[in-house]
Amino acid sequence: MSTSNAAPPPADRVFLITGASTGIGAATARHAAAAGWRLVLAARSKERLDALAEELGGRERALAVQCDVTSWEDQQRMAAAALETFGGIDVAFANAGFGGPRGFLNDTPEHWREMVLTNVYGAALTIRATVPALKSSRGHLLLTSSVAGRRALPGSFYSCTKFAVTAMGEAARQDLNDTGVRVTLIEPGMTDTPFFDNRPSNALEDDDIARAVIYAVSQPPHVDVNEILIRPTAQSG
Ligand SMILES: NC(=O)c1ccc[n+]([C@@H]2O[C@H](COP(=O)([O-])OP(=O)(O)OC[C@H]3O[C@@H](n4cnc5c(N)ncnc54)[C@H](OP(=O)(O)O)[C@@H]3O)[C@@H](O)[C@H]2O)c1
């Protein structure tokens, strides 16, 4: 069997993740580290990030950067820290986000505002902060949308933000066409993470989503996996 199409080995390439402190982001960091990537771990919870960076090999292998994705200054600092420490960015995974109660009368306007700033504006800022480095590395951009970004859920403002992320992935893909940068939308169904105050049963595990991310970034350079939508076998909606 020919191996000429094999993706280059990830040894020492640099994988940046926002929302890396828990859930899908932290699981992806663990899988990527096991596959040989160096990590840039970004979120607001510095202690959690520091502990994860230590677990994944310490400063040589994983850099923890405190970053509120709603802040352009923080995002610029995050990208600059990656370049200064590791010399480049090969994968940027814009994954930070959160949800809220369904029903247009059941959440506060302030919480909606934070959700837009984090899920939509924050993801766009991550693209803006990392695309110059991704163009240099002919790298890979991934965004965490959701099944809720593909079909509207009743009364879900969160769903509206994730539709925006889905559009952002396609807009970025077309914008980056011919630059060598690949773009993948990750669209999880219900996944058992701290996203939920009451943790769900019959849900996906964070590792299930992490494996999908690793699949996308492990393809040969001419293959762009544009979307991966994953439901738990038991999820109908
Ligand atoms: N769980 C599901 O069923 C599900 C399904 C579809 C899509 N998703 C999406 O998957 C992504 C990850 O969620 P998860 O399920 O892994 O939940 P999670 O465990 O709650 O992780 C959310 C991550 O986002 C970070 N974050 C939140 N606000 C931030 C901000 N302003 N700046 C920087 N980081 C921020 C959190 O870290 P800090 O609090 O430390 O900042 C945390 O690391 C989200 O985009 C979510 O919408 C989840």
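First listed ligand is number 1; within each ligand, the first listed atom is number 1.
- Ion pairing between a basic and an acidic side chain is recognised when a charged N comes within 4.0 Å of a carboxylate O; Arg199 and Asp192 show such pairing.
- Within the 3.5 Å criterion, the main-chain N or O of Gln66 finds a donor-acceptor partner in the side chain of Arg77.
- Using a heavy-atom distance under 4.0 Å as the criterion, the protein contacts of ligand 1 are Gly19, Ala20, Ser21, Thr22, Gly23, Ile24, Ala43, Arg44, Ser45, Cys67, Asp68, Val69, Asn95, Ala96, Gly97, Thr118, Thr144, Ser145, Ser146, Tyr158, Lys162, Pro188, Gly189, Met190, Thr191, Thr193, Pro194, Phe195, Phe196.
- Nearest heavy-atom pair across Ile186 and Pro188 is O-CD, 3.3 Å.
- Arg173 has a carboxylate O that lies under 4.0 Å from a charged side-chain N of Glu170, or vice versa, which qualifies the two as a salt bridge.
- The pair Lys162-Glu187 does not count as a salt bridge, with every side-chain nitrogen at least 4.0 angstrom from each carboxylate oxygen.
- Residues Phe195 and Tyr158 bring their aromatic ring centres within 6.0 Å.
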